[in-house]
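None of the values given here were measured: they were computed from a predicted structure. Order of the sequence lines fixes the chain letters, A, B, ..., with proteins taken first and strands second; residue numbering starts at 1 for each chain. Note that these values count all heavy atoms, side chains included, but never hydrogens, waters or copies made by symmetry.
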Amino acid sequence: MLDQRLLRDDPALISGQLARRGIEIDLTGLQSIAIQERNLQEQRSDLQAEGNRIGKAVGQQIQAGASPDGPEVRDLRDQGNRIKQQVAGLEEEEKVLEARLREQLLTLPNLPDPRVPEGHSEADNVEVSTWGTPRRPTPGETLQEHWQIAERLGLLDSGERSVRIAQSRFVTLLGQGARLERALIAFMLDRHTARGYTEVMPPILVNSASLTGSGQLPKFAEESFKCADDDLWLTPTAEVPITSLHRDEVIPAEKLPLKYVAHTPCFRREAGSYGRDTRGLIRLHQFNKVELYWFCHPEQSQAAHERLTRDAEGVLEALDLPYRRIELCGGDLGFSAARTYDLEVWLAGAGAYREISSCSTCADFQARRSAIRFKEGKKTQLLHTLNGSGLAIGRTMAALLEAGQQGDGSVSLPAALVPYMGGIDRLSSPG
RNA sequence: GGAGAGGUGGCCGAGUGGUUGAAGGCGCAGCACUGGAAAUGCUGUAUAGGGGCAACUUUAUCGAGGGUUCGAAUCCCUCCCUCUCCGCCA
């Protein structure tokens with residue numbers, strides 16, 4: 001959520017910044033609501049002060065011996081009643097304005113960081129760096145895509161059974177496939193906790209206040225699965241429960257930064273992606289993800305963003321997976337993000353880079369929605385939140401299968417994973 | 001799901017409808033005492049919003065929302081949550 005003070009003082013600055021996301025919006029109407037609301041509040045609180053004085057005077061007179069039904073007291077009571085009615089009227093107006101203001105404010109995305117490159121779409125994103133050498137087929141060699149390899153090796157159900165169990169865009173991992181998923185989760189959690197992250201296993205059903213706090217509601221309700229009988233949703237990312245881990249809290253400055261890592265299943269409706277990535281592990285309604293999350297001091301957030309991104313990149317490097325770092329342009333930024341690096345892993349079979357992690361700083365946007373502050377000396381102010389995948393498990397598995405495929409049909413695994421696979425360094429045909 | 005108890009400041013805990021943002025204690029901070037510390041004493045110690053350069057001032061907040069009243073932590077209604085016992089259950 002954006003700062004109301006900024007809205008009152010300089011709405012043009014906000015619309016100027018939002019234009020960098022490709023959003024054209026005139027905020028003068030919203031500004032005048034904010035200012036009106038403020039004026040009403042001022043009038044009302046003055047009246048209430050007057051009412052409080054009268055109330056006290058009544059008490060004093062009665063204690064001084066005046067009759068509760070005497071003329072002086074009755075006169076004061078009448079005054080009190082008049083004020084009460086006026087206050088009630090003002091309060092009602094104020095509430096209406098406040099609700100309208102908040103409702104609209106919640107739909108406005110974060111302001112892009114000044115360093116974010118200009119651009120309208122994915123095509124304008126900027127490649128920042130690359131790591132490793134993408135595997136290309138040698139002459140005469142055909143590299144398979146991960147779903148072909150996985151089905152051949154019996155690592156996952158070809159689809160029919162998962163549809164029977166649930167629907168399309170769900171998978172069932174089997175045998176070494178399930179083992180590899182578990183190994184990747186454990187490997188990443190171990191790696192990040194060794195680097196100072198605190199492991200958390202949060203609820204993965206979250207209430208609507210939590211989704212609002214991190215920015216998924218109210219605008220993106222159609223992206224999440226909702227429980228019919230409760231105010232609970234399947235979390236689309238661990239970012240949601242972790243943000244709310246400290247919702248409405250004031251954290252002592254010396255405790256910052258708080259760094260968390262969580263493995264959770266994630267659930268997304270993927271509305272509007274019909275026909276895209278229908279096979280394999282790339283785009284599913286349910287997938288596993290290890291998420292990195294920082295709560296930090298505003299002055300540290302830029303450095304924290306680099307650190308968090310490096311921590312995600314470190315996983316790819318440890319797994320020998322070539323990747324590149326992309327900085328998203330203004331037009332491609334997510335709703336809550338002020339600045340985002342996407343990490344794209346090389347998929348050898350598909351012959352393309354594919355997003356495997358998105359590392360964002362949200363500045364104080366989520367902190368304001370969620371009322372997460374820190375206290376430094378006497379001062380309490382909003383902190384900054386950052387999040388990034390470290391990494392998406394299914395897509396990591398896809399990249400590993402495609403990168404490690406051998407001429408004999410087996411798949412070799414990177415050394416780092418071997419201990420997590422019970423000593424196995426190769427997945428081979430079940431027979 | 002059934003029965004009961006309860007939700008007050010960072011924590012514990014008092015609070016008869018009348019100047020209560022709330023006694024007392026703990027904790028924390030500052031000062032004094034000390035060679036230093038402990039102990040002791042004194043002072044201070046919530047959040048959010050408005051006005052003011054500031055000192056300061058004002059409004060709201062005792063789980064949430066309504067109501068009664070000139071005035072509500074205190075009375076009434078609704079809801080939420082927590083705890084205990086029972087039932088069910090991984």
Would you measure the distance from the [atom1] atom in [N] across to the matching atom in [M] and give it in whole Å?
| N | M | atom1 | result |
| --- | --- | --- | --- |
| B:G65 | B:C81 | P | 16 Å |
| B:U78 | B:C83 | P | 24 Å |
| B:C77 | B:U40 | P | 47 Å |
| B:G18 | B:C76 | P | 16 Å |
| B:U57 | B:G44 | P | 15 Å |
| B:A48 | B:G30 | C1' | 26 Å |
| B:U82 | B:G27 | C1' | 24 Å |
| B:G35 | B:C26 | P | 27 Å |

Integer-rounded Å distance: [N] [atom2] and [X] [atom1]:
| X | N | atom1 | atom2 | value |
| --- | --- | --- | --- | --- |
| A:Glu50 | B:A60 | CD | P | 13 Å |
| A:Phe374 | B:G10 | CZ | P | 19 Å |
| A:Ile62 | B:U16 | CD1 | C1' | 16 Å |
| A:Leu76 | B:U69 | CG | P | 17 Å |
| A:Leu382 | B:A48 | CG | P | 10 Å |
| A:Leu232 | B:C80 | CG | C1' | 14 Å |
| A:Lys56 | B:G21 | NZ | C1' | 11 Å |
| A:Arg102 | B:G49 | CZ | C1' | 15 Å |

Under 4.0 Å, counting only non-hydrogen atoms across every strand here, what does [X] touch: a base, just sugar-phosphate, or nothing?
| X | answer |
| --- | --- |
| A:Ile83 | nothing |
| A:Arg74 | nothing |
| A:Asn52 | sugar-phosphate |
| A:Arg368 | nothing |

Taking the six-membered ring for Trp and the single ring otherwise, decide whether the centroids of [X] and [Y] are under 6.0 Å apart.
| X | Y | answer |
| --- | --- | --- |
| A:Phe187 | A:Tyr420 | yes |
| A:His384 | A:Phe365 | no |
| A:His285 | A:Phe225 | yes |

Who pairs with [N] - Watson-Crick or G-U, where each distance is under 3.5 Å:
| N | result |
| --- | --- |
| B:U16 | none |
| B:G4 | B:C83 |
| B:U40 | B:A32 |
| B:A23 | none |
| B:A72 | none |
| B:C88 | none |
| B:G65 | B:C77 |
| B:A60 | B:U47 |

Looking at [X], does any N or O in its side chain come under 4.0 Å of the phosphate oxygens OP1/OP2 on [N]?
| X | N | answer |
| --- | --- | --- |
| A:Lys375 | B:U47 | yes |
| A:Lys95 | B:G66 | yes |
| A:Lys84 | B:G71 | yes |

Could you check whether [Y] and [X], counting side-chain N and O atoms only, form a donor-acceptor pair closer than 3.5 Å?
| X | Y | answer |
| --- | --- | --- |
| A:Tyr323 | A:Glu317 | yes |
| A:Arg152 | A:Gln144 | yes |
| A:Ser370 | A:Thr243 | no |
| A:Asn288 | A:His263 | yes |

When you measure from the side chain of [X], which nucleotide among [options] comes out closest?
| X | options | result |
| --- | --- | --- |
| A:Glu42 | B:U19, B:G51, B:U58 | B:G51 |
| A:Arg44 | B:C70, B:U59, B:G50 | B:U59 |
| A:Arg38 | B:G49, B:U19, B:C70 | B:G49 |
| A:Gln60 | B:G49, B:C70, B:U19 | B:U19 |

Quiz item: Any chance CZ of A:Arg115 has more than 12 other-residue heavy atoms, nucleotides or ligands included, within less than 6.0 Å?
Solution: yes
Quiz item: Mapping A:Val58 and A:Gly55 onto RNA chain B by nearest heavy atom, which one lands closer to the 5' end?
Solution: A:Gly55
Practice problem: By nearest nucleotide on RNA chain B, pick out whichever of A:Arg373 and A:Asp78 is the more 5' one. | Solution: A:Arg373
